[in-house]
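Have a look at the structure below, then the notes.
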Amino acid sequence: MKLKLFLPVLFVAFGALAQTRTNESNLDESKVGTYTLPDPLICADGTRVTSAKIWEKKRRPELVKMFEEEVYGRAPDRLRGMHFAVRSFATNALGGMATRKEITIWFTRGTNGPSMNLLIYTPNASRKPVPAFLGLNFSGNHAVSADSGITLPDRWLPPAKDGSVTNNRATEAGRGKEASRWQLEKILARGYALATVYYGDLEPDFTNGWKLGVRAALSRDGTNTVFKPGDWGAISTWAWGLSRALDYLETDRAIDARHLAVIGHSRLGKAALWAGAHDQRFALVVVNESGEGGAALARRWFGETTALINGHFPHWFDGNFKKYSGHENKMPTDQHEVIALVAPRPVYIASAEDDRWSDPRGEFLGAKGAEPVYQLFSEAGLGVNEWPPVNHPVGDFIGYHVRTGKHDVTDYDWEQYLNFADRHFH
Ligand code: GTR
């Protein structure tokens, strides 16, 4: 009798607890609570990873598969028939400082199928192939620089109040809109190329945006496709596009494709991290304020939660990821392990002090959690145990900073990324 009464009470108590964790974001450090992270060095069968070789042969493939199945979804390989076409070429861009190239990447045979447009600037000061940064942009290639030679995108863009978009299409007013986030002249002056693609070329970023993107175009059932758990979501699609851009860059003689850094901000930071984790051809990975589903630990209750991200952006992750809304402790992985998949290649994680939604400390702890895997390769990771003060970059093969200011990519951030790339590439 007693037991019968007791059980429903217990149930209610758990329900209430689960709800606080699920539906609300927490911004109070004292309420974070405790959690236990999965150990990246313990295999699914319980055995311990004791060498870099075991990591490469057994644990890494196992973790890649877990992230494919449970988090981002599986993307196809590059398709036969993929080909490239030069869309424009100018050797005197930016007052003669750079060569500007626009390349159309057709994912399938012929020119009626899906494609994306890659914009590349290489510094004219260099005679040799140059290392490059590759990243997706939010507002169209023309938004990266005020350079009037960049072709306006003809794809879907989200409405914007600043006149840069009319009827979901780009206008002249959008030129240079994202320039402060790219620091093009600075990158070129430091001897690097910049390559970028508008992420909407791959998939417009709204719930049914996939119908206008490659997920529909490459599926047998097109816009009638019913995605199964484990099939690719939008983040996986954007990451796939980064690998296809790399396929092209490997063929470009102006580029040193063995020294290619993949970079992304926010949701595109999540995509850059997944691309760099998955595709080992990327030599260096830069993840700017990527938050939940990026570098921030999911189990740490601070900022955005799994339930909130799944609720607001149901198209980002694969179907299985929905199971973990409010049940982060049941995840077979956590985000330190996606960072660890970059090892032993250098990775830089960056946070901003006022970007609490992304959980800056959780991003640092994600980076920290990847350290044991770098140590397997005898590489130093962060080299610090405490979250560093603002504007105080730390780390060796894992770089990290939290800068003052809000959610953005700034001149300060680029300064650190260029220094980091210099250190590892030269
Ligand atoms: C927010 C989202 C974050 C982050 C950000 C962005 O709305 O909750 O996960 O990705 O957008 O991409 O700017």
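Note that ligands are numbered from 1 as they come in the structure, with each ligand's atoms numbered from 1 the same way.
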**Prompt:** Should the pair His278 and Trp274 be assigned to parallel (<30°), tilted (30 to 60°) or perpendicular (>60°) ring geometry?
**Reply:** tilted
**Message:** Under a 4.0 Å threshold between the charged nitrogen and the carboxylate oxygen, would Asp154 count as salt-bridged to Arg169?
**Reply:** no
**Prompt:** Does the N or O separation between Glu292 and ligand 1 drop below 3.5 Å for any pair?
**Reply:** no
**Asked** Hey, is Glu289 one of the residues with a heavy atom under 4.0 angstrom from ligand 1?
**Response** no
**Asked** Tell me, which protein residue and heavy-atom name are nearest atom 11 (O) of ligand 1, and how many Å apart are they?
**Response** Arg267 NH2, 2.9 Å
**Message:** Counting only heavy atoms closer than 4.0 Å, does ligand 1 sit against the backbone of Leu308, its side chain, both, or neither?
**Reply:** neither
**Asked** Atoms of ligand 1 less than 4.0 Å from Trp316 heavy atoms?
**Response** 9 (O), 10 (O)
**Ionic contact status for Glu29 with Arg361, cut-off 4.0 Å** = yes
**Prompt:** Do the charged groups of Glu415 and Lys186 touch, with an N to O distance under 4.0 Å?
**Reply:** yes
**Fill in**
Atoms of ligand 1 under 4.0 Å from any heavy atom of Ile309, numbered from 1 in the order shown, are 9 (O)
**Asked** Who's the nearest protein heavy-atom neighbour of atom 7 (O) of ligand 1, and how far?
**Response** Phe313 CZ, 3.4 Å
**Under-4.0 Å salt bridge between Glu24 and Lys31** = no
**Asked** Which residue owns the protein heavy atom closest to atom 5 (C) of ligand 1, what's the atom, and how far is it?
**Response** Ser266 OG, 3.0 Å
**Asked** How long is the gap from CZ on Phe107 to CG on Leu202, to the nearest 0.5 Å?
**Response** 5.0 Å
**Prompt:** Please state which protein non-hydrogen atom is closest to atom 8 (O) of ligand 1 and give its distance, to 0.1 Å?
**Reply:** Glu304 OE2, 2.5 Å
**Contact atoms of ligand 1, heavy-atom distance to Trp357 under 4.0 Å** = 2 (C), 8 (O)
**Prompt:** Is the centre of the His401 ring less than 6.0 Å from the centre of the Tyr412 ring?
**Reply:** yes
**Request:** Would you mind telling me which of Tyr400, Tyr417, Trp414 makes a ring-ring contact (aromatic ring centres under 6.0 Å, His included) with Tyr348?
**Result:** Tyr417
**Request:** Please indicate whether any nitrogen or oxygen in Lys270 is less than 3.5 Å from any nitrogen or oxygen in ligand 1.
**Result:** yes
**Message:** Would His312 count as a contact residue for ligand 1, given that I'm defining contact as a non-hydrogen atom of the residue lying under 4.0 Å from a ligand atom?
**Reply:** no
